[in-house]
Amino acid sequence: MRKPIIAGNWKMYKTPKESLEFVRQLRDKLKDMKDREIVVCPTALSAAAVVETLRFSNIQVGCQDAHWENEGAYTGNISPAMFKESGVHYVILGHSERRQFDNDTDARINAKLKNVLRNSLKAIVCVGETLSEREAGKTENVVETQVNGCFEGIGLGDLAEIVVAYEPVWAIGTGKTATPEQANEVHAFIRGLIAKRFNDDAAANLRIQYGGSVKPENIKQLMAQADIDGALVGGASLKIDSFTAIVQF
Ligand code: PGA
């Protein structure tokens, strides 16, 4: 049985003060939700304070990227070892905005993933096609290349620490959601790729989140799909009411 996982990706929103005010409210509103994993991913600057505020709660904390080295001359970067010491649980890797604006390639995401795992953190690995790729009928090709590139050299034993997020780029922040059926089709395809690369059991246990304009209005239909195990939520995770409603789907 795969435990649903709902994660809020705050991107470059919320100052440290706003982040703490938000999670104080969230903690109280969601304190009874024990049958699902809840994760919030503030900016790196707020992560440690958010961890402190959520310490005895049922909400975990993620960050939005982490480096492939643990330390070094990499101005502006933060390593998984540093996030680990700060009490962070999850690291989002390969988000399409980082692929687009910050040179995250599959090879780089793979190196980051290995270092995240070496530091005993969990990863949310994002994949997804652009609109032109979908229109050209290349969705499966693109997703297969991304999954294979990101999972290169990852062992079966590490799979339990990894969540995959399928986020069609054309649905992110656009208000356009993939239909639940469209999303599920790609989720099932990804599960098949994992079965090929690892085995059927591993694939059956892997959690695959959908991301891209998830809202209180569509979460139920998405979660009703056989291969959708959660959501990675951007815009709607920034408001208490909408994020709470999504978590409580
Ligand atoms: P969105 O973003 O929910 O605002 O579409 C999702 C994401 O980028 O993870």
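Starting from 1, each residue takes its place in the sequence as its number. Each ligand, and each atom within it, is numbered from 1 in the order the structure gives. For the numbers below, each heavy atom of this structure counts, side chains included, while hydrogens, waters and symmetry mates do not.
- Between T174 and ligand 1, no pair of N/O atoms sits closer than 3.5 Å.
- Hydrophobic clustering of Ile, Leu, Val, Met, Phe, Trp and Tyr side chains at less than 4.5 Å, counting indirect connections, keeps I109 apart from Y74.
- Of all protein heavy atoms, the one closest to atom 3 (O) of ligand 1 is G234 N, 2.9 Å.
- For ligand 1, the atoms lying closer than 4.0 Å to a non-hydrogen atom of G212 are 5 (O).
- Under the 3.5 Å distance criterion, with hydrogens and angles disregarded, a donor-acceptor pair is assigned to the side chains of N119 and N115.
- With a 4.5 Å cut-off on side-chain heavy atoms, N110 and F151 do not count as touching.
- Assignment of S213 to the shell around ligand 1 is supported, since a heavy atom sits closer than 4.0 Å.
- For atom 9 (O) of ligand 1, the closest non-hydrogen atom of the protein is E167 OE2, 2.7 Å.
- Remark: minimum distance from atom 4 (O) of ligand 1 to any protein heavy atom is reached at G235 N, 2.8 Å.
- Annotation for ligand 1: atoms under 4.0 Å from non-hydrogen atoms of N9 are 9 (O).
- Residue-ligand proximity, H95 to ligand 1, at heavy-atom distances under 4.0 Å covers atoms 7 (C), 8 (O), 9 (O).
- I194 and V142 fall into different hydrophobic clusters, where Ile, Leu, Val, Met, Phe, Trp and Tyr residues are linked whenever their side-chain heavy atoms come under 4.5 Å apart, directly or through other members.
- Atoms of ligand 1 found under 4.0 Å from any heavy atom of G173, numbered from 1 in the order shown, are 1 (P), 4 (O), 5 (O).
- For the pair R36 and F249, the distance from NZ or CZ to the six-membered ring centre is under 6.0 Å and the angle to the ring normal is within 45 degrees.
- Contact analysis puts A171 in contact with ligand 1, with a non-hydrogen atom separation below 4.0 angstrom.
- In the hydrophobic clustering (ILVMFWY side chains linked at under 4.5 Å, chained through shared members), I124 is joined by I5, V39, Y90, I92, V163, L232.
- A donor-acceptor pair shorter than 3.5 Å cannot be found between the side chains of S132 and E135.
- Polar contact check, A236 against ligand 1: no nitrogen or oxygen pair lies under 3.5 Å apart.
- In I172, the parts holding a heavy atom less than 4.0 Å from any atom of ligand 1 are both the side chain and the backbone.
- Look at K215 and you'll find every heavy atom at least 4.0 Å from all atoms of ligand 1.
- Two residues are said to be in side-chain contact when any heavy atoms from C-beta on lie closer than 4.5 Å; K29 and F243 fail this criterion.
- Using a 3.5 Å distance cut-off with no hydrogens or angles, the side chains of Y166 and E129 do pair a donor with an acceptor.
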